[in-house]
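Here the structure comes first, spelled out in structure tokens, and everything after it is commentary.
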2 protein chains.
Amino acid sequence: MNIGEAAKKSNLPIKTVRFYSDIGLINPKTNENSNYRIFTNQDIEKLLFVGKARKFNFSIEECRELLSLYENRTRSSNEVKKLTLKKIDEIDQKMSELNSLKKELSRVAKSCSGDQRPECPIIGFLANNKKN
Amino acid sequence: MNIGEAAKKSNLPIKTVRFYSDIGLINPKTNENSNYRIFTNQDIEKLLFVGKARKFNFSIEECRELLSLYENRTRSSNEVKKLTLKKIDEIDQKMSELNSLKKELSRVAKSCSGDQRPECPIIGFLANNKKN
DNA sequence: CATAAGGTCTCCATAAGGTGGAGAGTCAAG
DNA sequence: CTTGACTCTCCACCTTATGGAGACCTTATG
């Protein structure tokens with residue numbers, strides 16, 4: 001099938017499918033006459049796989065890795081699990097960063113009267129390099 | 001002072017200071033002879049301000065806005081507070097996204113034996129386009 | 001058969017927020 | 001004067017796409 005149908009079936013924008021093909025995440029064949037990309041059902045499966053993995057915050061390179069594990073019938077589930085646990089760790093880290101961020105911002109926001117006067121503890125906080 | 005000292009004092013990489021200067025976030029004077037940038041203490045303050053705001057997830061454009069509020073002695077604290085509350089909202093949203101992401105990943109990771117066998121529910125999960 | 005509409009192609013630009021390197025100019029010390 | 005350390009500008013690259021231009025292909029219709 002052509003790229004339009006492939007895009008529809010994989011729920012990805014055409015541009016994205018073309019991009020994934022450009023970077024070799026998938027390798028559709030090429031019609032020698034028209035130069036059109038030709039997608040198989042297997043390509044669609046891979047696109048769906050990648051689409052999902054991307055939604056789950058796996059990077060393109062991780063997707064590439066997962067795809068090769070996906071294709072490798074002799075790989076151990078261990079490798080896949082390791083990648084997943086690493087991803088969970090990253091999410092944890094990100095969340096705790098965001099959490100402390102939020103705490104500090106909430107604190108300064110609370111201390112700001114938010115009125116018409118120019119005095120603002122938030123600005124003071126951001127400008128103060130000595131503490132915090 | 002020159003850019004090297006400015007970078008040290010503001011705890012930013014030289015390249016970043018130059019970048020901020022290029023995009024007009026700060027506007028150091030220029031030595032006409034050497035073409036070197038000349039930074040004042042006020043420039044350092046601004047750099048520290050931006051450095052901190054960036055850490056707190058304010059975008060460059062938001063930093064630009066904050067800087068102009070910072071410099072504007074007649075602005076109301078209201079405007080600053082509004083920007084901060086918006087930022088807190090964004091953080092909340094991001095956190096809840098990450099949270100559901102983590103839940104799903106944890107679930108599939110838990111269901112994976114992580115051994116030498118190739119059977120892996122994670123791969124199955126990512127490959128399955130029909131449900132979840 | 002010609003033409004029009006719609007698909008597809010490649011190439012380039014843009015986004016954010018920088019980072020890295022090349023090659024040239026500047027400055028201060030020995 | 002030379003050496004080394006700084007700094008300059010300009011360009012490319014990173015990630016993950018997205019948007020448009022201009023050209024080519026395919027299919028349907030008159």
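All chains are named by letter (A, B, ...) in the order of the sequence lines, taking the proteins before the strands, and each is independently numbered beginning at 1. Values in this document were obtained by computation on a predicted structure and should not be read as measured data.
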Nearest heavy-atom neighbours spanning A:L47 and A:S10: CB-CB, 3.5 Å
Closest non-hydrogen atoms of A:I38 and A:P28, given as atom of the first, atom of the second and distance, are O-CB, 3.3 Å
In one Ile/Leu/Val/Met/Phe/Trp/Tyr side-chain cluster, 4.5 Å: B:Y36, B:I3: no
Could you check how far [atom1] of [X] sits from [atom2] of [N], rounded to whole Å?
X	N	atom1	atom2	result
B:I23	D:dT9	CD1	C1'	17 Å
A:F58	D:dT15	CZ	C1'	18 Å
A:E61	D:dA17	CD	P	12 Å
B:E5	C:dC27	CD	C1'	15 Å
B:L25	C:dG17	CG	P	10 Å
B:D22	D:dT7	CG	P	15 Å
A:I3	D:dT18	CD1	P	13 Å
B:I60	C:dT19	CD1	P	11 Å

Not counting sequence neighbours, list each pair that qualifies as a salt bridge (charged side-chain N to carboxylate O under 4.0 Å, His left out) and has a residue in residues 56-66 of chain A.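 As it turns out, the salt bridge (charged side-chain N to carboxylate O under 4.0 Å, His left out) pairs with a partner in residues 56-66 of chain A, which skip direct neighbours, are A:E61-A:R64, A:E62-A:K86, A:E62-A:K87.
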Can you pull out every salt bridge (charged side-chain N to carboxylate O under 4.0 Å, His left out) where at least one residue sits in residues 4-20 of chain A? Sequence neighbours excluded, please. A:E5-A:K9
With respect to the side chain of A:N35, which nucleotide from D:dC8, C:dG17, C:dT10 is positioned closest?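 Between D:dC8, C:dG17, C:dT10, the one nearest the side chain of A:N35 would be C:dT10.
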Using heavy atoms and a sub-4.0 Å distance, could you list which residues of residues 36-43 of chain A are near DNA chain C? By number, please. A:Y36, A:R37
Tell me, please, which residues at least two apart from A:T40 pass side-chain hydrogen bond (donor to acceptor under 3.5 Å, both in side chains).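 Residues passing side-chain hydrogen bond (donor to acceptor under 3.5 Å, both in side chains) with A:T40: A:D43.
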My understanding is that only residues two or more places apart in sequence, or in another chain, count here; which of them pass side-chain hydrogen bond (donor to acceptor under 3.5 Å, both in side chains) with B:S21? B:R37
If you define the side chain from C-beta out and look only at heavy atoms, does anything of A:N99 sit under 4.5 Å from A:M95?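 With C-beta onward as the side chain, the pair stays apart.
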Under 3.5 Å between N/O atoms: give me all the protein pairs with nucleotides 2-4 of chain D, atom names plus distance.
none

For A:D92, salt bridge (charged side-chain N to carboxylate O under 4.0 Å, His left out) partners two or more places apart: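 So A:D92 forms a salt bridge (charged side-chain N to carboxylate O under 4.0 Å, His left out) with B:K102.
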Looking at residues at least two apart in the chain, or sitting in another chain, which of them share a salt bridge (charged side-chain N to carboxylate O under 4.0 Å, His left out) with B:E32? none
Stepwise, does the side-chain contact (heavy atoms from CB on, under 4.5 Å) test hold for A:F58 with B:L105? CA-CA 11 Å; A:F58 287 94; B:L105 279 183; 4.0 Å; yes
Return the residues of residues 12-21 of chain B meeting this criterion: a heavy atom under 4.0 Å from some atom of DNA chain D. Order them by number, or give none. B:I14, B:R18
Nearest-nucleotide 5' precedence on DNA chain D, A:S59 against A:S34: A:S59
How about CD on B:E90, more than 12 heavy atoms from neighbouring residues, nucleotides or ligands closer than 6.0 Å, or not? yes
Is there a side-chain contact (heavy atoms from CB on, under 4.5 Å) between B:L25 and B:F19? Walk through the geometry before answering. CA-CA 9 Å; B:L25 214 49; B:F19 174 67; over 6 Å; no
It should be established whether B:R54 places a side-chain nitrogen or oxygen under 4.0 Å from OP1 or OP2 of nucleotide C:dA16.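 False: B:R54 side-chain N/O out of range (4.0 Å or more) of C:dA16 OP1/OP2.
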Parsed dot-bracket for DNA chain D after applying the Watson-Crick and G-U rules with both distances under 3.5 Å and | for other-strand partners is ||||||||||||||||||||||||||||||
Charged N to carboxylate O under 4.0 angstrom, B:R107 versus B:E104?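 Salt bridge flag = yes for B:E104 with B:R107.
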